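First up is the structure itself, then whatever we jot down about it.
Computation of the quantities below employed the complete heavy-atom set of this structure, encompassing side-chain atoms and omitting hydrogens, waters and symmetry-equivalent molecules. Numbering starts at 1 and runs along the sequence shown. If you're wondering where the values come from, they're calculated on a predicted model, not measured in any experiment.
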Amino acid sequence: MTESKRIALLEPPQGKISMVLDTDAGCEVDDQFAIAYAVRAAQAGELDLLGIYAEISIAAYNPVEKKDGPIAPADGMEKNYQEILKVLDLIHSPEYKDIAFRGCKSSFSKDKPELSPAAEHLIRTAMDETREGPLYVVAIGPSTNIASAIAAAPEIMERIVVVWLAGNSLHYPHVYECNFLQDTVAGAYIFDCGVPMTLLPAFHVITGLSTTIPELEHYMGGKNEFCEYMLNLVRDYHESHKVPGEAWSKVIWDIAGIAYVLHPEWFVTRLVPTPIIGSNWSSDPLRPYMRLCDFVVRDSVFTDMFAKITK
């Protein structure tokens, strides 16, 4: 791919885009918001949602035991897949189950990429010549499915834009963040392979999408079955993670990817050379460009998300 073509693909989204969502939905309490947000936007005609993929997990929040703990990658993927189906039931949108796919069962291998149902669907959808414009791959978990699809079919890189919530801001002391850490080999591959990517860093950037239980109760309380499910999930998460005597808020990280493809004007972004990823970022001006987010307008994102998921 020429650099001029990559930069053209990295222009902020315009109009109604086509996207797939790659999620570790059973891992925490934010992917569920993103799934509902994306489905409601699709139902409103604001985007075309063509696939929902279950990622691996090696660490997950268990709402039954109300604690974090390790989990086998394949078990984590299945848990994530079942949570996708549960969310679709709660928002009364079972028709989207037809585009929900199980992902890879093990961590990424460049030499033997796993062609999971999700990876196969991504390749097939990316290469669909009837679609106008790039396919946006909104990744709100590890990048195993995406890396596997690219390694198996590198030609898709000219037809997709990855929007990945991962790592931390370039001036943060380290890159260690959950989505990257759950498959560091896949993460490094995404940064090195040259795929057009918009990076939504966690700390110092998407941390701006923080909320509190009183705010969630104000906008979501009594609205519908999904909203009540999420309120209880966040309450349970709070009970297991709070520090007595300290104020508490929760970042709803994963709605950032959906908001960016719907309203890129709410995000301050710039083109930078893709950094080299290690324990921290290293720069090389000769690396391919990516789009980096530096700031998000928090209130606009939550206003839009609340309006959609409470219907």
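- Listed by first then second residue, pairs satisfying salt bridge (charged side-chain N to carboxylate O under 4.0 Å, His left out) with a partner in residues 159-184 number zero, not counting sequence neighbours.
- For F267 and F295, the distance between ring centers is not under 6.0 angstrom.
- Contacts classified as salt bridge (charged side-chain N to carboxylate O under 4.0 Å, His left out) and involving residues 104-121 (residues at least two apart or in different chains) are not found.
- In this structure, D30 has no side chain to side chain donor-acceptor pair (under 3.5 Å) partners at least two apart in sequence or on a different chain.
- Taken to the nearest 0.5 Å, the CD1 atom of I123 stands 14.0 Å off from the CG atom of D128.
- The ring-ring contact (aromatic ring centres under 6.0 Å, His included) check on F302 picks up F306, with sequence neighbours excluded.
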- Item | ring pair (Phe, Tyr, Trp, His ring centres under 6.0 Å) between F33 and W253, intermediate numbers included | CA-CA 9 Å; F33 284 100; W253 311 93; over 10 Å; no

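- Listed by chain and residue number, nothing satisfies the salt bridge (Lys or Arg N to Asp or Glu O under 4.0 Å) test with E265 (two or more places apart in sequence, or in another chain).
- Of the residues listed (I91, N224, V234, L90), the one engaging Y229 in a side chain to side chain contact (heavy atoms under 4.5 Å, CB included) is L90, and it is the only one.
- Using a 4.5 Å cut-off on side-chain heavy atoms (C-beta onward), S18 and L47 make no contact.
- Under a 4.0 Å N-O distance rule, the pair R102/E78 qualifies as a salt bridge.
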- Do L135 and L122 pass the side chain to side chain contact (heavy atoms under 4.5 Å, CB included) test, and can you show the C-alpha distance, the side-chain angles, and the key distance before you say yes or no? CA-CA 9 Å; L135 175 69; L122 175 53; 3.8 Å; yes

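- Residues satisfying the ring-ring contact (aromatic ring centres under 6.0 Å, His included) test with Y136, not counting sequence neighbours, are none.
- More than 12 heavy-atom neighbours from other residues, nucleotides or ligands sit within 6.0 angstrom of CD on E3.
- Qualifying ring-ring contact (aromatic ring centres under 6.0 Å, His included) partners for H171, counting only residues two or more places apart in sequence or in other chains: H204.
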- Let me see the working for L292 and T269 under side chain to side chain contact (heavy atoms under 4.5 Å, CB included), right down to the final yes or no. CA-CA 5 Å; L292 175 70; T269 64; over 6 Å; no

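- Between K308 and E46 there is a salt bridge, with a side-chain nitrogen of the basic residue lying less than 4.0 Å from a carboxylate oxygen of the acidic one.
- Interatomic distance, L10 CG to K5 NZ, rounded to the nearest 0.5 Å: 12.5 Å.
- Here R235 pairs with E217 under the salt bridge (Lys or Arg N to Asp or Glu O under 4.0 Å) rule; sequence neighbours left out.
- For E225, there are no salt bridge (Lys or Arg N to Asp or Glu O under 4.0 Å) partners at least two apart in sequence or on another chain.
- To the nearest 0.5 Å, atom OG1 of residue T125 and atom CD1 of residue I156 are 10.0 Å apart.
- The side chain to side chain contact (heavy atoms under 4.5 Å, CB included) with L49 is formed by just one residue from the set I258, V39, V20; it is V39.
- Every ring-ring contact (aromatic ring centres under 6.0 Å, His included) that H263 has, sequence neighbours left out, goes to W266.
- Checked against side chain to side chain donor-acceptor pair (under 3.5 Å), T274 has no partners two or more places apart in sequence or in another chain.
- Every side chain to side chain donor-acceptor pair (under 3.5 Å) that S210 has, sequence neighbours left out, goes to S249.
- Aromatic ring pairs are classed by plane angle as parallel below 30°, tilted from 30° to 60° and perpendicular above 60°; the pair Y53 and H121 is perpendicular.
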